[in-house]
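Here is the structure we will look at.
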Amino acid sequence: MSIAKTYIPKETEEKWYSYWLQHGFFKSVPDEREPYTIVIPPPNVTGVLHMGHMLNNTIQDVLVRRARMKGKNACWVPGTDHASIATEAKVVAMLKERGISKKDLTREEFLTYAWEWKEKYGGIILEQLKKLGASCDWDRTKFTMDESLSEAVIDTFIHLYKKGLIYRGIRMINWDPQGKTAVSDEEVIRKEVNQKLYYIRYFVQSESPEVGKSESGEASSDFRTSGLPDSPGFLTIATTRPETIMADAAICINPNDERYLHLHGKKVYIPLINREIPVILDDYVTMDFGTGCLKVTPAHDLNDYELGQRHNLPVIDILNDDGTLNEKAQILVGEDRFAARKKIAVLLEEAGVLEKVEEYKSQVGFSERTNAVIEPKLSMQWFCKMGEMAKPALDYVLNGEIKLIPEKFVNTYRHWMENVRDWNISRQLWWGQQIPAWYLPTGEFVIAKNAEEALKEAQLKNPEYTAANLTQDEDVVDTWFSSWLWPISVFDGFKDPDNADINYYYPTNDLVTAPEILFFWVARMIMAGHEFRGEVPFRNVYLTGIVRDKQGRKMSKQLGNSPDPLDLIAQYGADGVRVGMLLCSPAGNDLMFDESYCKQGSGFANKIWNAFKLVKGWEVDESLSNPNGVAIEWFANRFNQALTEIEANFAQYRLSEALMDTYKLVWDDFCAWYLEMIKPAYQHPIDKATYAATIQFFENILKVLHPFMPFLTEELWHDELFGERSETDCCIVAQLPAIGEINSRLLNETELVKDVVTNIRNTRKTKQISDKEPLELFVKSNSGINYGQFEAIITRLANISKFESVADKIEGAINFLASTDEFYIPFSEEIDPVAECVKLKKEQEYLLGFLKSVNAKLGNERFMANAKPEIIEVEQKKKADAEAKLTIIEENLAALAC
RNA sequence: GGGAGCUUAGCUCAGCUGGUUCAGAGCAUCUGCCUUACAAGCAGAGGGUCACUGGUUCGAACCCAGUAGCUCCCA
C-alpha cells in the first residue's frame, strides 16, 4: 500500500463496506455465542436521512460493532415504518400532481399506487445509512407492512379484542380536517396563538328579540359586568369560536351565580338562526371567567360534550370532515370554518348582537403532520385500554429490569404511565392494516382475521348472512399499533412464537431512540412485550438528545438549518462525521451540533493516518538492541489503564466520554508521548523489539478505534505492515484486546517524568533557550524514585546531553521541583536572585496556606472522629508532601540569602 | 395552572458515595516554532465568585430551602 500524505476517506469507504457485505460480517444466525441484539427504530418510508438519524444510528453502530468485537453474536435488525399519515399524504400529493384525485380511486387502486411509491422511495434512508457504515444485517430488513408483520397486527387486534382490551366508542377525537384523519393527542402540537374573544348576546325567551332594545351603547370593558342582569333582555357569552353558535345545545351558568338567578329555567335564542336552547345549571362553569355564561357546544368541544352528556343535551355537529359547515348550521353552509368565523362576526355585528371583540391569547392545537388547526370531533373509533397493560410496563422500569439511560427519564415515564389514557387506534386512512371488524346489517359487528372467518362468525348470529351483508371497517390502525410489536414481529414471534430466532435474539439488548417517543413507542413496546411474550422487549433504552443548531434551534427542513448528512460524509468522511456526532452527544441531552465537530473528527482520522505513516516508514536493523524497554512498558500499562476507563464508560453508556478517552489515548499518549519517546532519528533504523511492540500497539489501537471509525481502521488493518492476513481476518471481526494488569507505580512515575520534561520545555521557553541547544540535567531524588531508568526518555524528549543523579544541591543552576524531587539545569547565564526569590516566596506562601488548611482539618476533633480513615490518610500524606516541599524551598531561599 | 429537568472557562460538556494539590476535558484564543509522520501539525500559556441568597456539615460545584433565568412534558 502506498501511503498518501493525508487520509482520503472516499477511497476506502465504499471498498470496505462492500467487502464487509461480501463476507457476510453483518450477518447473524443463532449459534452458541451470547447474542447482542438491537432492533432499529424504523425510520419512516417518507423520510430522508437527517441529523437525528445520523446520531441515532452512529450510536447503534458503535454499540453493535463493539459487541461483535467482544465475541458476541451481534445482530442489528434494520427496517422501515409505513407511517400511515405521512405516507398517505405523500401519495395523495403525488396523485394530485398526476391529476388523480384519491376520491376517484378504489381502496385497492389507491393502495397499488401507495406500494409503488413505497417501493420507489421507501428504502432511501436505509441506503443512506450504508454510507454511514451501519453494520445492519440487511438480509433481515423488515417493513411494518410486510405480510407477517401485518398478520401480527391483525392477530394482536383480535387477541386484545377477545380479552376485552379493545372496544369501540364515541369519543372526542383530534380531527385533522386537512389530512382528514384523527390524530392522537401526541401528534397535536399546542401553540399559543393570538385570537379574538367575541362577546355575543343571546336574547332571553319572552323578551322581544328586538334589535337594539336594550342596547346601552356603552358595553363595559370589564367583562365581569357586561353580562349583568341590568340588561334584562339578553345574556352575553364570550367565545373564540363564533362560527359554532349554530351547534349550541344550551347556555350553562353556575347555580351559585347570583347575577343570573333570573335566568334559571329560561330559554334563550341563538342569534341569527333563532333556535331555542335551554339555560342549564352546572357548577362546572367558572363564575369569574368570561361573562360567567358558557355556550355549550357538545359536538365541538370535549368539555361541552361531557357537560352535554350530564344534561342530556342533543349533539349537533355542524362541520363536515373537511372543516366546512354543513346544512345543520343553517347558515354559511359550505364555508370553511375560518371563513365562516369572519363572516359570522360581520353578520352578528349587523344584527347588533356583537357586543365587543377582544384580543385573546390561547393555546390552539395543530396537526403535527399537516399543520392544520385541530378540530375536536365526535367519532366512533376503536380504542385500546391502557390501564391494565401500563401497570406491568411501569413495573419493569421501576424495578430496573429495563434501564432508561439517562435515569432522569424514569420520572417522566412514571408520570405518563400512572396517568395513561386509552389509546385511540383508528385512523381514517387506507395506507396501513385495515381494522378487522365487519359490520352487519343490524349494526352489530364481528371481529375476525379475514372476510371468510368474519362470515362464519356472522352466520352464527344469522345463518342467512352472505358476504354481501358484511362491510369491513374502512379505517386502518394507528402506525404505532404495528411498531409496538416491532421487537417481536421482526423475528416472526407472533405466527411462530417458538422459532429459533425469537428464542435466541429476544429480549433484545439495547434500544436507541429519542425521548420524544418514549411513550408513543418505547412504553407501548414494553406493554406488547409483556402482553405477548411475558418478557421485556429490551434491557436498556438509550435516549438520545435532539440535534440542534448552534443557536439551539431544533434542526428542521423548514428552518433549513440542518446540514445534509451525505454532504457532511462527503466532506469529512463517514468516520469524521461519526466522531463529530459523538463528540457532542451526552446521553439524553440535546446536542448543539456544529460542523467543527466533524472537522475535529476528520482531523483525528488524519492524525492516526500520519502516525501510521511514520511507523510504516521505519527500517528495522536486527542488530540493534532495544533502548526503549521502559517506554514500551509504560505504554502497555497506559493502554490497559485507558481500556479500563473506556470499558467503564461504555458500561454506563457514556459514549462520548469513551470516545474522548480513546482520542486522548491515541493523540496524547501514543502519538505525542510514546512515538516521540521511541522514534529513531531521521533516516536511522529502529531495533526489532521496539518495532514489533509498536506494531502490536498500533493493531490494538485500531481495534479500540474501530467501533468509532470503522473505515479508517479497516483500511490500515490490511496494510502489509501487519503481515499477511487471510481474507476474513478483518478489523470488524477482530477481538478487542483483553485488559492486562496495570502497574500503577510505573504509570505514576512516568507522569512525574512527563512533568520533568514539561518543566524543561517551559524553562527553555521562559529563558529563551532554543529547543536545539542541548542542556545538562541533574536530579536530587528525595522521593527515592530511580530516574536512571527514564534517562533515555528524558534526554530524548527534552534534548538533554547529560543526565546525572546528585546527592547535593547545585548552586547557581536553574531548578525546579517535580513532586519532592529537585532538578537542576546548569546555565551559563547568571540566575537573577531577586526574581528567583520572588518565585520561591510565592510558592512558599501557597504551600503554607495549603498546609494550614490541611492542618486545620487534622487538628479538628470532629474531622478526625467523622472522616473515613482513608480520607485522613490522604490528608496526612498531603501534609507530609507539603512539608517536604517547604523544607526544600526554605533551603533554597537560605542559599540565595533572601 | 400542574409536573420534570437544566444553569460549571468564549463554546460544548465531565465532575460518580460531600473529602486527593479539585475546580477538569475537548474545541476556540494567545505566544513561539515550516524540528523530515502530521501546519488538519508541534511546544508552551492564559482563561471560571461552579446562576444568586441562605441553611446543614469538621468540610459543599455536589445535600436542603428560597430566588432568578432557560428547556421540556401535561392540562
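Just so we're on the same page: letters track the sequence lines, and every chain starts at 1.
- Using a 4.0 Å heavy-atom cutoff across all strands shown, A/N762 reaches sugar-phosphate atoms only and no base atom.
- Across B/G44 and B/G5, the matching P atoms stand 43 Å from one another, rounded to whole Å.
- If you run ring-ring contact (aromatic ring centres under 6.0 Å, His included) between A/F698 and each of A/W609, A/F612, A/F635, only A/F612 comes through.
- Comparing the P positions of B/U53 and B/A60 gives a spacing of 15 Å, expressed to the nearest Å.
- Computed from coordinates, the A/D771 CG to B/U35 P distance equals 12 Å when rounded to whole Å.
- With salt bridges taken as basic N to acidic carboxylate O contacts below 4.0 Å, one links A/E751 and A/K754.
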Can you tabulate the close N/O pairs, meaning under 3.5 Å, that link protein atoms to atoms of nucleotides 47-49 of chain B?
none

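- Note on A/K877: nothing from the nucleic acid sits closer than 4.0 angstrom, heavy atoms only.
- Taking 4.0 angstrom as the limit, A/K607 places a side-chain polar atom (N or O) nearer than this to OP1 or OP2 of B/C42.
- When atom types are taken as modelled, the side chain of A/N799 and the backbone of A/K772 share a donor-acceptor pair closer than 3.5 angstrom.
- Distance A/N411 CG to B/C6 P: 10 Å, rounded to the nearest Å.
- One distance of note links CG of A/L712 with OG1 of A/T12; it measures 7.0 Å at 0.5 Å rounding.
- With rounding to the nearest 0.5 angstrom, the CG atom of A/L886 is 12.0 Å from the OG1 atom of A/T820.
- With hydrogens and angles ignored, a donor-acceptor pair closer than 3.5 Å exists between the side chain of A/E676 and the base of B/A37.
- Residue whose closest nucleotide on RNA chain B sits further toward the 5' end, between A/R654 and A/Y663: A/R654.
- Of all heavy-atom pairs spanning A/I678 and A/R796, the tightest one is C-NH1, 4.0 Å.
- Out of B/G19, B/G26, B/G5, the shortest distance to the side chain of A/M660 is found at B/G26.
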Query - Secondary structure of RNA chain B in dot-bracket form (Watson-Crick or G-U wobble, distances below 3.5 Å, | marking inter-strand pairs) - result: (((((((..((((.....[....)))).(((((.......))))).....(((((..]....)))))))))))).
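- Between A/T758 and B/G44 there is a side-chain N or O to OP1 or OP2 distance below 4.0 Å.
- Distance, A/L518 CG to B/A4 P: 16 Å, rounded to whole Å.
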Report task. Please test A/D594 against A/S596 for side chain to side chain donor-acceptor pair (under 3.5 Å), starting from the C-alpha separation and ending with a verdict. Result -> CA-CA 5 Å; A/D594 187 78; A/S596 63; 2.7 Å; yes
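- At a cut-off of 3.5 angstrom, the base of B/A43 holds at least one donor-acceptor pair with the side chain of A/K765.
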Report task. Check the pair A/N411, A/R414 against side chain to side chain donor-acceptor pair (under 3.5 Å), reporting the backbone distance first and the verdict last. Result -> CA-CA 5 Å; A/N411 283 334; A/R414 180 172 51 213; 3.2 Å; yes
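- Across all strands, A/W618 comes closer than 4.0 Å to no nucleic acid atom at all (heavy-atom distances).
- Rounded to whole Å, atom C1' of B/G44 lies 16 Å from atom NZ of A/K754.
- Taking the C1' atom of each, B/A14 and B/A61 are spaced 12 Å apart, rounded to whole Å.
- For the P atoms, the distance from B/G18 to B/A65 is 16 Å, rounded to whole Å.
- Relative to the side chain of A/S602, the nucleotides B/A25, B/C16, B/A40 differ in distance, and B/A40 lies closest.
- In this structure, A/N610 reaches the bases: a heavy-atom distance under 4.0 Å links it to at least one base atom across the strands shown.
- The shortest distance between side-chain heavy atoms of A/C598 and A/F593 falls below 4.5 Å.
- Taking the P atoms as reference points, B/G46 lies 15 Å from B/U31, given to the whole Å.
- By the 30° and 60° cut-offs, the orientation of the rings of A/Y663 relative to A/W667 is tilted.
- Salt-bridge check for A/E873 with A/K877: failed, with every basic side-chain N at 4.0 Å or more from each acidic carboxylate O.
- Of the side-chain N and O atoms in A/R421, one or more sit less than 4.0 angstrom from OP1 or OP2 of B/A75.
- As a whole-Å value, the separation of A/H684 NE2 from B/A37 P is 13 Å.
- The side chain of A/K664 contributes no N or O atom lying less than 4.0 Å from OP1 or OP2 of B/A25.
- The distance from atom CZ of A/F863 to atom C1' of B/U20 is 11 Å, rounded to the nearest whole Å.
- Atom pair A/N748:CG and B/U20:P shows a separation of 17 Å (rounding to whole Å applied).
- When heavy atoms are screened at a 4.0 angstrom cut-off, A/K599 is found touching no nucleic acid atom at all.
- The side chain of A/C584 approaches B/U12 more closely than any other nucleotide in the set B/G19, B/U12, B/A37.
- The gap from the P atom of B/G66 to that of B/U49 amounts to 27 Å, rounded to the nearest Å.
- Note on A/W667: every side-chain N or O is 4.0 Å or more away from OP1 and OP2 of B/A40.
- Using a distance-only test at 3.5 Å, with no hydrogens or angles considered, no donor-acceptor pair links the side chain of A/N782 to the main chain of A/D821.
- Rounded to whole Å, the distance from CD on A/E657 to P on B/G15 is 7 Å.
- Rounded to the nearest Å, the gap between the P atom of B/A23 and that of B/U12 is 24 Å.
- A/Y597 comes within contact range of the sugar-phosphate backbone alone, with a heavy-atom separation under 4.0 Å but no base atom that close.
- B/G19 and B/U29 are spaced 35 Å apart, taking the C1' atom of each and rounding to whole Å.
- Note on ring orientation: taking the six-membered ring where Trp is involved, the planes of A/F697 and A/F670 are perpendicular (angle over 60°, cut-offs 30° and 60°).
- Of the candidate nucleotides B/U35, B/A39, B/A37, B/U35 has the atom nearest to the side chain of A/K772.
- When the nearest nucleotides of RNA chain B are assigned to A/W416 and A/Y7 by heavy-atom distance, the more 5′-ward of the two goes with A/Y7.
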